[in-house]
Structures are given as C-alpha cells and as structure tokens.
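Below is one structure, written out as structure tokens; comments come after it.
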Amino acid sequence: MSEPTEGPATPDVPPPATDPWKGLRGVMAGTLVLEAITVLLALPVISAVGGGLRWWSVLYVVGLAVVMFLGAGLQRRPWAIPFNLALQVALLLGGFIHLSILVIGVVFVAVWIFVLFLRADVKKRMEAGTLPSQRMSGA
C-alpha cells in the first residue's frame, strides 16, 4: 500500500535515522575529560613556576578536575550545557591561583564556543531536514 497523497504540497521533514544529539553529547563528554586532564597537568606548572602549591590551590584544581570528570557522565541531562558553561566560569576564576589556569580557561572557553556553534548548526540542519540521516535514499 502506498501512503495517501493528501496534505501539504511540501513533504514533512523526516526525522533523523540516528540521534544526532548522541554524537554531540559524546563530543561534550570527551571535551570535559580532556579539559580535566589538562587542568590536572597544570599542577606541576603551578608547583614549579607559580611559587609552590598551597592546600587551597590543590583543592580547587583537583576538585574542579573531579567535577569535570563526573560531569562528563551527565551529558544526557537537560541542564548539561549550563553546567558545562558554569565549569568554564569556575575555570576562569581559577586564574587567581596562577596565570596558567587562566590560559587553560581561555582556550577551553573557545572550544566550548565552537561546541555551541556545532550544536546550533546541527539543530538548524535537523529542522531543515538536511542531516545526512534525513536524506531520502533511492531518489
């Protein structure tokens, strides 16, 4: 049986065959893991160049990295993007510990701006029906 031809002249936008948000969530989780590793790698720099580590600076840096590792597993939540952006603000505030933390924060803010750009592009393409998984095959 064929589908009826009644309705609007332009066909509805087909839903994607695969979940495009799943890939984006993976990118965000991977970015948080890489960011946490980079933050932890700043500890030797702070120790050698920054005049030594204090208990509160170690607590801040390690605590932030742990929250980033844990946050990588929470990317399915509806509040994941605001959470990720709040982590970027916390990382930028870590500049009071050492300049290297601020530099890491600026670099990763740029990465997260790019991730948000990708998210907007996927959303726009999905609404227009131009994602590769939305294209009609055999046409």
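When a residue number appears, it is its place in the shown sequence, counting from 1.
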Take Gln88 and Glu35 through the side-chain contact (heavy atoms from CB on, under 4.5 Å) test and state the conclusion after the steps. CA-CA 10 Å; Gln88 302 318 300; Glu35 189 172 3; 2.7 Å; yes
Step by step, would you call Val122 with Trp21 a side-chain contact (heavy atoms from CB on, under 4.5 Å)? CA-CA 8 Å; Val122 167; Trp21 301 120; 3.9 Å; yes
Quick one: do Ile81 and Gln75 satisfy side-chain contact (heavy atoms from CB on, under 4.5 Å)? Show the steps, please. CA-CA 8 Å; Ile81 291 178; Gln75 295 306 302; 5.8 Å; no
Steps toward side-chain contact (heavy atoms from CB on, under 4.5 Å) verdict (Ser100, Ile46): CA-CA 8 Å; Ser100 62; Ile46 297 169; 3.9 Å; yes
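Met28 and Val109 fall into different hydrophobic clusters, where Ile, Leu, Val, Met, Phe, Trp and Tyr side chains are chained together by heavy-atom contacts under 4.5 Å. Neither Leu34 nor Leu85 shares a network with the other; the hydrophobic side chains, linked directly or stepwise wherever heavy atoms of I, L, V, M, F, W or Y lie under 4.5 Å apart, form separate groups for each. Leu93 is not connected to Ile113 by any chain of hydrophobic side-chain contacts under 4.5 Å among Ile, Leu, Val, Met, Phe, Trp and Tyr, and they are in different clusters. Using a 4.5 Å cut-off between side-chain heavy atoms of Ile, Leu, Val, Met, Phe, Trp and Tyr, with links allowed through other members, Val33 and Val107 fall into different hydrophobic clusters. Val106 and Val89 fall into different hydrophobic clusters, where Ile, Leu, Val, Met, Phe, Trp and Tyr residues are linked whenever their side-chain heavy atoms come under 4.5 Å apart, directly or through other members.
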Do any side-chain atoms of residues 51-74 form donor-acceptor pairs under 3.5 angstrom with protein atoms, and if so which ones, sequence neighbours left out?
{"unit_1": "Ser57", "atom_1": "OG", "unit_2": "Arg54", "atom_2": "N", "d": "3.0"}
{"unit_1": "Ser57", "atom_1": "OG", "unit_2": "Arg54", "atom_2": "O", "d": "2.9"}
{"unit_1": "Tyr60", "atom_1": "OH", "unit_2": "Ala90", "atom_2": "O", "d": "2.4"}

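If you run side chain to side chain contact (heavy atoms under 4.5 Å, CB included) between Leu41 and each of Ile37, Val39, Thr38, Val45, only Ile37 comes through.
Distance check, rounded to the nearest 0.5 Å: CG of Leu87 to CG of Leu92 gives 11.0 Å.
Residues in residues 101-125 take part in no ring pair (Phe, Tyr, Trp, His ring centres under 6.0 Å) pair, two or more places apart or across chains.
Summarising the geometry of Ile101 relative to Ala42, their closest heavy-atom pair is CD1-CB, 3.7 Å, with the distance given to 0.1 Å.
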